[in-house]
Amino acid sequence: MNTTDTEYMRMDQRAAAAGPVDRETVDAAVAAFCEEAGGPEFALDDDGVAWIPLGDDRALVLVHYPSQPGLAIAAPLPAEVAQDDEALRLMLDANLTPELTDGGVFAMPPGAQAPMLMRLVATADLKAGALADEAEALIELAEDWIDALADRGEDAPDEAPPGATGAMV
């Protein structure tokens, strides 16, 4: 385990120690995000989910899990990635190296047509108004991964996408 892995674990421990985030805090963070982004207003639905289209078949997904110490944010990848065994292997390998996903994980939620890069925005970050910055960083990293997976040619990449801080396994 390297120092960066330990740092990510400490961040996770601090987030978990904060306890679950309430819906009121999440709604306030989403409203601030809308205001900062200058786009249309949106809100989480009754299930605690918001799907925000970003154009060019891209989206940002926000999910409030009442038992979690923050708000889950996700950037869906193109559906064809789900049919590419090597791409899926690379993403699963990256899940074991937090620097490659900026502390997030690749996941394929039930019923989803494509994998997503997901991470938890801690309660303290939501209260500090950092949702827009966190969302922007996640979207940029997902786009870097999409480019890296598309550009790998016949050989798997040996380096992480530009937004990540480690080397691919």
Minimum side-chain heavy-atom gap Thr123-Leu71 below 4.5 Å: no
Tell me, please, which residues at least two apart from Asp27 pass salt bridge (Lys or Arg N to Asp or Glu O under 4.0 Å). Arg23
Of all the heavy-atom pairs spanning Val81 and Ala87, show the shortest one and how long it is. CG1-CB, 4.1 Å
Can you see which heavy atom on Asp22 is nearest to which on His64, and at what distance? C-NE2, 4.1 Å
Interatomic distance, Asp102 atom CG to Trp145 atom CH2 [nearest 0.5 angstrom]: 12.0 Å
Tell me whether Phe106 is reachable from Ile139 by hopping between hydrophobic residues (I, L, V, M, F, W, Y) whose side-chain heavy atoms are closer than 4.5 Å. yes
Between Val105 and Met108, is there a shared hydrophobic cluster once you connect ILVMFWY residues whose side-chain heavy atoms come closer than 4.5 Å? no
Partners passing ring-ring contact (aromatic ring centres under 6.0 Å, His included) against Phe42 (at least two apart in sequence or in another chain): Phe33
Could you tell me whether the side chain of Leu60 reaches within less than 4.5 Å of the side chain of Leu54, counting heavy atoms only? yes
Tell me whether Val63 shares a hydrophobic cluster with Trp51, the cluster being built from Ile, Leu, Val, Met, Phe, Trp, Tyr side chains joined at under 4.5 Å. yes
In short, Ala74 meets Met118 closest at the heavy-atom pair CB-CG, 3.5 Å
Check side-chain contact (heavy atoms from CB on, under 4.5 Å) between Ala75 and all other residues, then give those that pass, not counting sequence neighbours. Arg58, Leu138, Ala142
Can you list everything that forms a side chain to side chain donor-acceptor pair (under 3.5 Å) with Glu134? Sequence neighbours excluded, please. Arg119
Heavy-atom check, side chain of Met91 versus side chain of Leu149, under 4.5 Å: yes
Which pair of non-hydrogen atoms, one from Ala50 and one from Leu44, has the smallest distance, and what is that distance? CB-CD2, 3.5 Å
Residues in salt bridge (Lys or Arg N to Asp or Glu O under 4.0 Å) contact with Asp84, at least two apart in sequence or another chain: Arg152
Side chain proximity check, Leu62 to Val30, heavy atoms < 4.5 angstrom: yes
Taken to the nearest 0.5 Å, the spacing of Leu131 CG from Cys34 SG works out to 9.0 Å
With a 4.5 Å heavy-atom cut-off, do Leu117 and Thr101 have their side chains touching? yes
Mind checking whether Met116 and Pro109 have side chains closer than 4.5 Å, heavy atoms only? yes
Please report the closest heavy-atom contact between Leu88 and Pro115, naming both atoms and the distance. CD2-CG, 4.4 Å
Between Leu141 and Ile146, is there shared hydrophobic-cluster membership here, with clusters defined by ILVMFWY side-chain heavy atoms closer than 4.5 Å? yes
Arg89/Asp93 ion pair, N-O < 4.0 Å: yes
What residues form a salt bridge (Lys or Arg N to Asp or Glu O under 4.0 Å) with Glu143, not counting sequence neighbours? none
